[in-house]
S.K.: 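My structure is below; once you've seen it, I'll send some questions.
Along the sequence shown, residues are numbered consecutively beginning with 1. All heavy atoms count here, side chains included; hydrogens, waters and symmetry mates do not.
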Amino acid sequence: MTELATADRPLHDLATRLLAVAERGLPKMLVPEGTGFVFTRAGHRADAGGWTLEQRGTSIRYAAITALGVRFLPADRQRAVLGGHTAEEFTGLLVERLPCVRNLGDAALVAWAAAETGHPKLSDALDRVAALDVPGRPQYTVEAAWVLSALAAARGTLDVEQRLAAARDRLLRARIGGSPLFPHATGPGLNAWYRDHIGCFADQTYPLQALARAHTSGDDPEALAAADACATRICALQGDGGQWWWHYDARRGTVVEGYPVYSVHQHAMAPTALLDLAEAGGTDFGEPIRRGLRWMTEVPELARAGTPEPMILDDLGVTWRKVYRGDPKKAVRAARGLSTRLVPGLRLGVLDSVFRPTAVDRECRPYEFGWMLFAWLGSIRDDGAGAGVGVTGAKATAPGADDTGAGGR
């Protein structure tokens with residue numbers, strides 16, 4: 001992370017600290033057999049005033065994302081994180097589970113990991129993706145983006161041109177009118193009518209990343225332009241405190257509801273998408289990346305409320321998941337989704353004073369650290385050691401290569 005050290009030494013130190021938290025926390029999220037990852041670790045106050053962490057569920061999706069990031073570590077550290085496996089070996093365990101996978105996004109992520117790690121059963125993984133990706137059927141935008149990223153990663157190994165073109169065109173057609181932003185699904189039928197116009201933050205970052213990678217893997221100026229336009233808009237809408245907002249009106253390119261603000265967006269998802277864009281030859285958004293990262297230790301929502309609480313707990317190996325309003329049944333999100341459907345641009349500003357964003361969601365999921373490693377360890381040297389990246393230049397490519405669609409939420 002040499003360039004980040006030059007641009008902002010305290011942020012370089014913060015990124016280094018976060019990477020250490022990721023390597024400390026991920027082994028604790030392994031399932032007992034070491035063949036996958038839990039869905040989440042939820043924090044509870046202990047009698048002595050500290051924290052206990054409860055493991056909940058399992059997720060092949062999160063395991064695949066973790067493999068995508070862990071592959072940038074040296075081999076011995078990969079094994080330390082992945083229960084004795086390298087990223088390729090761990091990906092192989094996921095590929096073996098694909099016949100039982102029914103979710104397109106899960107399969108696409110496993111295939112993407114297989115392509116990036118050079119796994120010999122990449123073709124089998126892509127066959128499973130094809131079986132789940134029924135032509136003409138609308139898909140969630142995030143999952144459609146992961147399909148494109150997987151195919152772009154496989155491009156140098158297999159003949160995927162026809163499928164890649166279809167996946168790329170599907171994403172580009174999903175946009176509404178002349179807006180640069182993406183809705184939550186690639187076509188009607190998956191969302192309630194009053195939410196058809198809404199796209200979340202993940203619905204922006206994963207498509208722009210996929211389109212940028214499609215251009216990197218094979219000259220595609222139209223895909224790069226679409227990625228750049230999306231990135232330009234979300235950066236223009238970024239909060240004064242570096243917040244990456246949550247819900248957008250995909251028709252108008254405006255914010256519908258800002259909260260929750262998710263830690264993973266700040267330290268991982270925005271950086272990895274915007275760095276991939278820069279690598280592809282798009283605009284360098286280093287300053288918005290740095291502002292977003294800074295939010296992790298300078299949370300204005302909590303400071304204003306007089307309830308400062310750290311989002312990073314080094315010893316526990318967690319970053320708390322989000323800052324949110326605490327409104328019952330996500331009332332603000334629902335109200336603003338419906339109101340902006342009926343009256344574009346309507347904000348219902350009174351909701352901001354009634355439901356202030358002062359609550360902290362004290363849980364941590366493994367994919368958050370997978371994308372963090374992916375974002376900040378941008379290349380692998382010949383000896384297999386992860387080489388850091390900066391946020392004022394492009395990220396190097398490795399050799400060889402709750403709500404659905406919200407980074408796996």
S.K.: What do you reckon, is NZ of K121 surrounded by more than 12 foreign heavy atoms closer than 6.0 Å?
M.R.: no
S.K.: Would you sort out whether E368 and R41 count as a salt bridge (Lys or Arg N to Asp or Glu O under 4.0 Å), showing the intermediate values?
M.R.: CA-CA 12 Å; E368 302 174 20; R41 297 175 80 201; over 6 Å; no
S.K.: Does Q243 form a side-chain hydrogen bond (donor to acceptor under 3.5 Å, both in side chains) with E301? I'd like the steps, not just the answer.
M.R.: CA-CA 10 Å; Q243 301 95 332; E301 292 83 0; 2.7 Å; yes
S.K.: Between T35 and L94, which heavy-atom pair has the shortest distance, and what is it?
M.R.: O-CD2, 4.3 Å
S.K.: Does the side chain of R251 come under 3.5 Å of the side chain of S179 through a donor N or O and an acceptor N or O?
M.R.: no
S.K.: Residues in side chain to side chain contact (heavy atoms under 4.5 Å, CB included) with A359, at least two apart?
M.R.: Y324
S.K.: Between W245 and F201, is the gap from one ring center to the other below 6.0 Å?
M.R.: no
S.K.: Using a 4.5 Å cut-off on heavy atoms from C-beta on, say whether the side chain of T232 contacts that of F285.
M.R.: yes
S.K.: Tell me if the CG atom of D240 is crowded by more than 12 foreign heavy atoms within 6.0 Å.
M.R.: no
S.K.: Do we see a donor-acceptor contact under 3.5 Å between the side chains of R291 and Q238?
M.R.: yes
S.K.: Between the side chains of E54 and H44, does any donor sit under 3.5 Å from an acceptor?
M.R.: yes
S.K.: Mind telling me whether F90 and F37 have parallel, tilted or perpendicular rings, with 30° and 60° as the class edges?
M.R.: perpendicular
S.K.: Do you know the tightest heavy-atom contact between M269 and A202?
M.R.: CE-CB, 3.8 Å
S.K.: Let's go through L293 and Q266 carefully: what are the C-alpha distance in whole Å and the side-chain angles of both, what is the deciding distance for side chain to side chain contact (heavy atoms under 4.5 Å, CB included) to 0.1 Å, and is it a yes or a no?
M.R.: CA-CA 5 Å; L293 180 61; Q266 306 297 132; over 6 Å; no
S.K.: I would like to know whether W376 and H267 meet ring-ring contact (aromatic ring centres under 6.0 Å, His included); could you show each step before the answer?
M.R.: CA-CA 9 Å; W376 299 106; H267 65 54; 9.1 Å; no
S.K.: Judged by atom type as modelled, is there a donor-acceptor pair below 3.5 Å linking the side chain of T141 to the main-chain atoms of P183?
M.R.: yes
S.K.: Are V255 and H247 side-chain neighbours, meaning at least one heavy-atom pair lies under 4.5 Å?
M.R.: no
S.K.: Distance check, rounded to the nearest 0.5 Å: L274 atom CG versus D228 atom CG?
M.R.: 10.0 Å
S.K.: If only side-chain N and O atoms count, and only distance matters, is there a donor-acceptor pair under 3.5 Å linking Y262 with R321?
M.R.: no
S.K.: Does D106 come within less than 4.0 Å of R128, counting only side-chain N to carboxylate O?
M.R.: no
S.K.: Set out, in order, the CA-CA distance, both residues' side-chain angles and the distance that settles salt bridge (Lys or Arg N to Asp or Glu O under 4.0 Å) for R195 and E257, then state yes or no.
M.R.: CA-CA 12 Å; R195 287 175 54 90; E257 165 56 8; over 6 Å; no
S.K.: Could you tell me how the ring of W371 sits relative to the ring of Y206: parallel (under 30°), tilted (30 to 60°) or perpendicular (over 60°)?
M.R.: tilted
S.K.: Distance only, no hydrogens: is a donor on one side chain within 3.5 Å (strictly under) of an acceptor on the other, for D203 and H184?
M.R.: yes
S.K.: What heavy-atom pair brings A115 and A154 nearest, and what distance separates the two atoms?
M.R.: CB-N, 3.9 Å
S.K.: Show your working on salt bridge (Lys or Arg N to Asp or Glu O under 4.0 Å) between D315 and R24 and close with a plain yes or no.
M.R.: CA-CA 8 Å; D315 291 343; R24 185 177 301 117; 5.6 Å; no
S.K.: Compare all side-chain heavy atoms of R362 with those of W51 and state whether any distance is below 4.5 angstrom.
M.R.: yes
S.K.: Under 3.5 Å, is there a donor on one side chain and an acceptor on the other for E363 and T40?
M.R.: yes
